[in-house]
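The structure under discussion appears below in the form of structure tokens.
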Amino acid sequence: NGVAVVLGPTGRNIGAAMTGGVAYFLEGAEMDARDEDERLAAMQRRLNPGTVRAKRITSTIGKQFLKDLIQEHYDETGSTNAKGLLDDWDAALGRFWQIVPPSEESNENVADDEVTAANRAAAAAAA
């Protein structure tokens with residue numbers, strides 16, 4: 001399973017044939033004036049609804065994972081876009097969508113912190 005981070009504009013049919021992994025998409029600044037329902041609807045119009053769903057990043061692990069990926073991108077390329085995102089991380093994080101197929105719903109980068117904690121407790125109890 002792989003991971004992709006998209007910092008630029010995209011077309012439609014995002015996630016077609018995606019059976020594993022996680023993708024992160026940065027929405028454009030033009031969406032800032034819209035409410036969250038409008039923002040979600042705009043993202044959903046670009047998705048392949050048969051294979052993936054869009055959600056905000058809610059897990060602590062997932063937030064740090066994305067930040068680390070963007071930091072690595074900045075370190076390797078000197079990207080001014082990545083630097084701007086890192087400099088105002090809290091605002092930038094709210095502009096990202098996490099795109100996941102059903103097979104990744106329990107992935108700790110995707111699942112809410114409470115779900116991850118419950119999964120870890122169940123695994124420890126079974127061990």
Side-chain angles (χ1 to χ4, degrees):
N1 292 335
V3 62
V5 179
V6 180
L7 302 180
T10 62
R12 59 186 173 84
N13 210 20
I14 294 169
M18 185 176 174
T19 59
V22 179
Y24 299 91
F25 286 81
L26 178 67
E27 66 187 9
E30 72 279 359
M31 299 300 288
D32 290 349
R34 298 187 182 178
D35 69 30
E36 188 65 10
D37 288 339
E38 292 174 312
R39 293 165 84 168
L40 175 59
M43 175 51 82
Q44 287 176 328
R45 283 191 295 275
R46 296 189 338 237
L47 293 180
N48 182 309
T51 57
V52 294
R53 76 178 184 99
K55 65 185 285 292
R56 292 297 187 189
I57 305 162
T58 57
S59 86
T60 303
I61 294 169
K63 291 174 185 178
Q64 188 61 51
F65 180 66
L66 175 60
K67 186 176 185 181
D68 291 347
L69 289 171
I70 294 172
Q71 181 67 55
E72 181 179 348
H73 173 62
Y74 173 70
D75 292 345
E76 295 291 324
T77 67
S79 165
T80 56
N81 191 9
K83 176 81 167 110
L85 294 169
L86 293 166
D87 285 348
D88 193 8
W89 180 245
D90 289 338
L93 185 60
R95 293 178 49 213
F96 275 95
W97 290 99
Q98 193 173 49
I99 309 302
V100 296
S103 64
E104 298 296 323
E105 292 289 336
S106 64
N107 179 317
E108 63 185 16
N109 289 326
V110 175
D112 295 334
D113 289 341
E114 296 80 21
V115 173
T116 297
N119 289 344
R120 286 182 178 174

Extract all donor-acceptor atom pairs below 3.5 Å that involve side chains of residues 26-35 and protein atoms in other chains or at least two apart in sequence.
residue	atom	partner	partner atom	Å
E27	OE1	W97	NE1	2.8
E27	OE2	R39	NE	2.6
E27	OE2	R39	NH2	2.2
E27	OE2	R56	NH2	3.3
D35	OD1	D37	N	3.1
D35	OD1	E38	N	2.9

Query raised in the report: Only one of L47, T51, V6 clears side-chain contact (heavy atoms from CB on, under 4.5 Å) with I14; which?
Result: L47

Requested in this report: State which residue, out of I57, V3, V5, I70, fulfils the side-chain contact (heavy atoms from CB on, under 4.5 Å) condition with F65.
Outcome: V3

Query - Worked check of side-chain contact (heavy atoms from CB on, under 4.5 Å) between L7 and F96 - result: CA-CA 9 Å; L7 302 180; F96 275 95; 3.7 Å; yes

What's the shortest heavy-atom distance between [X] and [Y], and which atoms?
| X | Y | result |
| --- | --- | --- |
| T77 | H73 | OG1-O, 2.7 Å |
| L86 | Q71 | CD1-OE1, 3.4 Å |
| P101 | G21 | CD-O, 3.3 Å |

**Report entry** Gap separating the CG atom of L40 from the CD atom of E36, nearest 0.5 angstrom
**Finding:** 7.0 Å

Query raised in the report: So how far is it from R53 CZ to Q98 CD, rounded to the nearest 0.5 Å?
Result: 8.5 Å

**Report entry** All pairs passing side-chain hydrogen bond (donor to acceptor under 3.5 Å, both in side chains) where residues 2-15 contributes a residue, at least two apart
**Finding:**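 Those involving residues 2-15 are T10-R46, N13-N48.
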
Exercise answer: donor-acceptor pairs, residues 78-85 side-chain atoms, under 3.5 Å, sequence neighbours excluded:
residue	atom	partner	partner atom	Å
S79	OG	N81	N	3.3
S79	OG	A82	N	3.0
K83	NZ	D87	OD1	2.9
K83	NZ	D87	OD2	3.4

Query raised in the report: Shared ILVMFWY cluster between I99 and L69, side chains joined below 4.5 angstrom?
Result: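 In one cluster: no.
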
Report task. Please check if V100 and F25 belong to a single hydrophobic cluster, counting links between Ile, Leu, Val, Met, Phe, Trp and Tyr side chain heavy atoms closer than 4.5 Å. Result -> no

Query raised in the report: Is the closest side-chain heavy-atom distance between L93 and K67 below 4.5 Å?
Result: no

Requested in this report: Using the side-chain contact (heavy atoms from CB on, under 4.5 Å) rule, take Q64 and T60 through it: C-alpha gap first, then chi angles, then the decisive distance, then the call.
Outcome: CA-CA 6 Å; Q64 188 61 51; T60 303; 5.8 Å; no

